[in-house]
**Q** 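Please read through the structure below; I'll follow up with questions.
Letters A, B, ... are given to chains in the order of the sequence lines, protein chains preceding strands, and every chain is numbered from 1.
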Protein chains: 2
Amino acid sequence: MGSLDRSLIAGLPVFEGVAATDLDRIVGQARSLRIAKEQPVFEQEQEAHSFFLLLDGHVRVMKSTPDGHEVTVRYISPGELMGIAHALGRTTYPANAIAAVDCVVLAWPSRLWPAFAADFPSFSANTYKAVGGRLQDAHTRVIEMATEQVEQRVAHALLKLVKQAGRKTEEGILIDFPISRQDIAEMTGTTLHTVSRLLSAWEDQGLVKSGRQKVTVVEPHQLLLIAEGRVEKS
Amino acid sequence: MGSLDRSLIAGLPVFEGVAATDLDRIVGQARSLRIAKEQPVFEQEQEAHSFFLLLDGHVRVMKSTPDGHEVTVRYISPGELMGIAHALGRTTYPANAIAAVDCVVLAWPSRLWPAFAADFPSFSANTYKAVGGRLQDAHTRVIEMATEQVEQRVAHALLKLVKQAGRKTEEGILIDFPISRQDIAEMTGTTLHTVSRLLSAWEDQGLVKSGRQKVTVVEPHQLLLIAEGRVEKS
DNA sequence: TTGGCGATTTGCGCTGGCGCAAACTCCGGA
DNA sequence: TCCGGAGTTTGCGCCAGCGCAAATCGCCAA
């Protein structure tokens, strides 16, 4: 682990308020891993031996249902923790985490968590703050699913992806990892057919540009209007 | 606060592994409140001044959307914490909590949380374990909303209510607080009309008995079959 | 006992979005 | 360069469940 990494890491929200010496003690106990695209970081039901900090790449977190459905719970972006089951009193991972692209992660053995929580209260508080945010997000998802039309949900999903993984290009804001219609369908509780129809319609209206495993948002503001149900379909 | 209360409280999961003297120091700083039916325990957006332990009664946690929809996030049963926004790094409550029946709660000032977390690691760990459970529940809700039919979702909701607030009667298992069709609709993302139709159909089949703000589950096992999608509608 | 109101039931028509299926497109490897 | 297959598009038919509206029921208060 180079010192360049170290200084980038120090700026992450999870380490806010953590003293430099403490940061060294924390990071010093991690090992750095590369995860190839499409490979799992951890798997549902598996013993939660480690927790992770994503340094580079994007990870998709999914749950499978007994009857064979897959639902995407969230995408992880660089700087976020994942697999922190132990901090929440679980011994197994509740979901599958798959690298959407080649990734770099730091990994700590889960058994270190209780000592970390006791010795580094800022780190612990930051972690639980992130958990609080996820709980919020999950409730927001429930509310969206309960009250919105498919069109609004898909628009919301795209905006969320843009916010966490958007990269400016000359055409608009590109979602910076491969994402298929099927993936978007699994995030929004619909079918790839419906997503495809929506994207086609939006492309006709010039709101997005999309291709194979690729979506670029051209008019985020228009999309927001749709997401909030303030636009009638033509 | 009587010592009878004290011994009941000691047996709660949140206080598992907490030494008796520590328990006294924790509970000693709480004040006990009665909340009348339909009155709020705390409200969305409000400053999170306190966190609570429900001792008796049932509390409904709801979120309102900007466009006027109400969604029920969960019901709190005796022994559960609520309003722990501070432990998750929030300064305001994320939802409304309304007493479904007359309730008794313990309340602590939120500013005590950091000291509690530092001084009573078991209490803190138990709390975060509960948070972990809620995060799981929320994800389960998302998955249900994404993959199940309304009929299955309503069946799941009833079974969940039975599990956390069921009281045996000679007719079956009664959900032990007033609950309307509208309430069930808000839990499952549907309309009171559809809930009413489902309950009527189930009543004809002898699976439930229901009346004004009252539901009794007669055949939980049959309902489970419906919830899991293993029964075709007649 | 009688109103009155909130909760519930039920009918009816409509439509958003799914299921199925077929055609097409494009990328990557041989 | 060509081929195979994954990803995507699109047409078509259907139905679960919503919206609306009206009728009914049952609890509570006077």
**Q** Residues two or more places apart in sequence or in another chain: which of them pass side chain to side chain contact (heavy atoms under 4.5 Å, CB included) with Lys37(A)?
**A**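 Residues passing side chain to side chain contact (heavy atoms under 4.5 Å, CB included) with Lys37(A): Asp102(A), Pro178(A).
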
**Q** Would you tabulate the nitrogen or oxygen pairs shorter than 3.5 Å linking the protein to nucleotides 20-23 of chain C?
**A**
unit_1, atom_1, unit_2, atom_2, d
dA21(C), N6, His193(A), ND1, 3.3

**Q** Considering only residues two or more places apart or on different chains, which pairs with a residue in residues 152-161 of chain A satisfy side-chain hydrogen bond (donor to acceptor under 3.5 Å, both in side chains)?
**A**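 Applying side-chain hydrogen bond (donor to acceptor under 3.5 Å, both in side chains) to every pair that reaches into residues 152-161 of chain A, excluding sequence neighbours, yields Glu148(A)-His156(A).
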
**Q** What are the residues of residues 208-220 of chain A, sorted by number, that bring a heavy atom to within less than 4.0 Å of DNA chain D?
**A**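 Residues of residues 208-220 of chain A that come under 4.0 Å of DNA chain D are, in numerical order, Gly211(A), Arg212(A), Gln213(A).
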
**Q** Is any side-chain nitrogen or oxygen of Thr190(A) closer than 4.0 Å to OP1 or OP2 of dG17(C)?
**A**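 Indeed not, no polar side-chain atom of Thr190(A) lies that close.
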
**Q** Can you give the donor-acceptor pairs under 3.5 Å from side chains of residues 79-87 of chain B to other protein atoms, not counting sequence neighbours?
**A**
unit_1, atom_1, unit_2, atom_2, d
Glu80(B), OE1, Arg74(B), NH2, 3.1
Glu80(B), OE2, Ser77(B), N, 2.8

**Q** Which residue pairs satisfy the salt bridge (Lys or Arg N to Asp or Glu O under 4.0 Å) criterion with at least one member in residues 169-182 of chain A, sequence neighbours excluded?
**A**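 Residue pairs with at least one partner in residues 169-182 of chain A: Arg167(A)-Asp176(A).
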
**Q** Given axes from five pairs at either end, by how many degrees does the helix from dT1(C)-dA30(D) to dA30(C)-dT1(D) bend, rounded to 10°?
**A**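 Computed angle between terminal axes is 40°.
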
**Q** Using the test side chain to side chain contact (heavy atoms under 4.5 Å, CB included), find all partners of Thr191(A) that sit at least two apart in sequence or belong to another chain.
**A**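 Once residues adjacent in sequence are excluded, the partners of Thr191(A) under the side chain to side chain contact (heavy atoms under 4.5 Å, CB included) criterion are His193(A), Thr194(A).
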
**Q** Taking only the side-chain nitrogens and oxygens of Thr194(A), find out if one of them lies under 4.0 Å from OP1 or OP2 of dC18(C).
**A**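 Yes, such a contact exists.
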
**Q** Kindly indicate whether the side chain of Leu88(A), heavy atoms from C-beta on, has any atom under 4.5 Å from the side chain of Lys129(B).
**A**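 Counting from C-beta outward, Leu88(A) and Lys129(B) never come under 4.5 Å.
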
**Q** Go through it in stages, so that I can follow the logic: the residues are Glu203(B) and Ser210(B), the test is side-chain hydrogen bond (donor to acceptor under 3.5 Å, both in side chains), and I'd like the CA-CA distance, side-chain angles, deciding distance and then a yes or no.
**A** CA-CA 7 Å; Glu203(B) 185 138 17; Ser210(B) 71; 3.3 Å; yes

**Q** Counting any heavy atom closer than 4.0 Å, what does Ser200(A) reach on the DNA or RNA strands: base, sugar-phosphate only, or nothing?
**A**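 Sugar-phosphate contact only - Ser200(A) comes under 4.0 Å of backbone atoms but never of a base.
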
**Q** Using residues 55-73 of chain B as the side-chain source, report each donor-acceptor pair under 3.5 Å to any protein atom, sequence neighbours left out, with the distance given to one decimal.
**A**
unit_1, atom_1, unit_2, atom_2, d
Arg60(B), NH1, Thr72(B), OG1, 2.8
Arg60(B), NH1, Asp183(B), OD1, 3.4
Arg60(B), NH1, Glu186(B), OE1, 3.4
Arg60(B), NH2, Asp183(B), OD1, 3.2
Lys63(B), NZ, Gln136(A), OE1, 3.2
Lys63(B), NZ, Pro94(B), O, 3.2
Ser64(B), OG, Glu70(B), OE2, 3.3
Thr65(B), OG1, Asp67(B), OD1, 2.8
Thr65(B), OG1, His69(B), N, 2.9
Thr65(B), OG1, His69(B), O, 3.3
Asp67(B), OD2, His69(B), ND1, 3.2

**Q** Could you pull out all residues at least two apart from Pro40(B) that satisfy side chain to side chain contact (heavy atoms under 4.5 Å, CB included)?
**A**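 For Pro40(B) the side chain to side chain contact (heavy atoms under 4.5 Å, CB included) partners, ignoring immediate neighbours, are Glu43(B), Ile98(B).
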
**Q** Between dG17(D), dG16(C), dT9(C), spot the one nearest the side chain of Gln149(A), thanks.
**A**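 In terms of side-chain proximity for Gln149(A), the closest of dG17(D), dG16(C), dT9(C) is dG16(C).
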
**Q** Using atom CH2 of Trp202(B) as one end and atom P of dT9(C) as the other, report the distance to the nearest whole Å.
**A**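 Taking atom P of dT9(C) as the reference, CH2 of Trp202(B) is at 13 Å.
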
**Q** Under the salt bridge (charged side-chain N to carboxylate O under 4.0 Å, His left out) rule, collect the residues that match up with Glu228(A), sequence neighbours excluded.
**A**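 If we apply the salt bridge (charged side-chain N to carboxylate O under 4.0 Å, His left out) test to Glu228(A), skipping adjacent residues, the hits are Arg230(A).
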
**Q** Applying ring-ring contact (aromatic ring centres under 6.0 Å, His included), name anything that partners Phe52(B), two or more places apart in sequence or on another chain.
**A**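 If we apply the ring-ring contact (aromatic ring centres under 6.0 Å, His included) test to Phe52(B), skipping adjacent residues, the hits are Phe42(B).
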
**Q** OP1 or OP2 of dA7(C) versus the side-chain N and O atoms of Ser180(B): is any pair under 4.0 Å?
**A**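 Result: no.
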
